[in-house]
Amino acid sequence: MEDASASLEQATEEAVAKNRLVAATVNARGELVDLKFHTQSYRDMAPTELASAILDVVRKAREQMAKRVAELYQPFAPQGIDMTELMNGTYRAGDLCRSLGIQPPPK
């Protein structure tokens, strides 16, 4: 597990817009560490269009990194725990409890 964590210390993921206008790079924590404009076309874009393009590549880069982290840590997770679900907040701990024969506390 230490090796897995160490491998992520310098890890980055980059996503590039379909039109190649902009690229975003994030680190393993999902923090934006680089943003590149490959052309000057952004100067002619409406502010909302440019903002949308930037947000889209940042989201894609974060999704790529989250998938990479989940795949890296999945072998260390207890059986029945999907790291992707756990990381994106859709994992239901009550389901694991029930699979172990434990009644989860009422909501």
Side-chain angles (χ1 to χ4, degrees):
M1 190 174 241
E2 286 179 21
D3 290 342
S5 293
S7 73
L8 290 173
E9 285 183 26
Q10 301 298 320
T12 60
E13 283 289 335
E14 180 183 65
V16 180
K18 289 178 186 176
N19 61 6
R20 309 263 322 136
L21 169 75
V22 62
T25 304
V26 300
N27 64 18
R29 291 183 299 273
E31 298 169 336
L32 182 64
V33 295
D34 194 24
L35 188 65
K36 295 177 186 169
F37 293 93
H38 297 290
T39 70
Q40 299 293 317
S41 299
Y42 69 90
R43 294 175 186 231
D44 298 325
M45 297 174 75
T48 55
E49 184 182 10
L50 177 58
S52 179
I54 292 170
L55 290 172
D56 187 51
V57 295
V58 171
R59 180 189 50 77
K60 286 179 185 176
R62 284 183 174 154
E63 287 174 358
Q64 290 170 199
M65 182 55 81
K67 181 179 178 186
R68 182 173 171 184
V69 171
E71 288 173 354
L72 187 65
Y73 284 113
Q74 187 62 53
F76 305 108
Q79 185 175 358
I81 293 181
D82 183 310
M83 289 302 294
T84 301
E85 290 178 358
L86 187 65
M87 290 178 61
N88 69 23
T90 60
Y91 179 75
R92 295 174 47 162
D95 292 345
L96 177 63
C97 290
R98 283 186 280 283
S99 74
L100 297 171
I102 302 167
Q103 184 61 36
K107 295 180 182 179

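- Residue L55 is not grouped with residue Y42 when hydrophobic side chains (ILVMFWY) are merged at heavy-atom distances under 4.5 angstrom, including chains of intermediate members.
- For A61 against A24, the heavy-atom pair with the smallest separation is CB-O, 3.7 Å.
- For K60, the NZ atom counts as densely surrounded, since its 6.0 Å shell holds more than 12 non-hydrogen atoms of other residues, nucleotides or ligands.
- Between V57 and the options L21, V16, V26, V22, a side chain to side chain contact (heavy atoms under 4.5 Å, CB included) holds for only V22.
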Please evaluate residues L32 and T25 with respect to the criterion side-chain contact (heavy atoms from CB on, under 4.5 Å), reporting the C-alpha separation (whole Å), side-chain torsions for both, the decisive distance (0.1 Å), and the verdict. CA-CA 6 Å; L32 182 64; T25 304; 5.8 Å; no

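- Here Q74 contributes atom CD and K67 contributes atom NZ; the two are 13.0 Å apart, rounded to the nearest 0.5 Å.
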For T39 and R20: C-alpha separation, side-chain torsions, deciding distance, then whether side-chain contact (heavy atoms from CB on, under 4.5 Å) applies. CA-CA 8 Å; T39 70; R20 309 263 322 136; over 6 Å; no

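- For the atom pair CG (N27) and CG (L8), the distance works out to 10.0 Å, reported to the nearest 0.5 Å.
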Given F37 and I54, is the side-chain contact (heavy atoms from CB on, under 4.5 Å) satisfied, shown in steps? CA-CA 10 Å; F37 293 93; I54 292 170; 3.9 Å; yes

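- Counting only distance, with no hydrogens or angles, the side chain of R68 and the backbone of T12 share a donor-acceptor pair below 3.5 Å.
- Linking Ile, Leu, Val, Met, Phe, Trp and Tyr whenever their side-chain heavy atoms come within less than 4.5 Å leaves V33 and M65 in two separate clusters.
- E63 and R59 are joined by a salt bridge, as a carboxylate oxygen and a charged side-chain nitrogen come within less than 4.0 angstrom of each other.
- Taking every heavy atom of both residues into account, D34 and K36 meet most closely at OD2-CE, 2.8 Å.
- Residues V69 and A28 share a closest heavy-atom pair of CG2-O, 4.2 Å.
- Inspection of the S5 and Y73 side chains reveals an N or O donor paired with an N or O acceptor under 3.5 Å.
- Distance CE/M45 to OG/S52: 8.0 Å, rounded to 0.5 Å.
- No donor-acceptor distance shorter than 3.5 angstrom exists from the side chain of Q64 to the backbone of E13, with no hydrogens or angles considered.
- Shortest non-hydrogen contact noted between E14 and A23 is OE2-CB, 3.7 Å.
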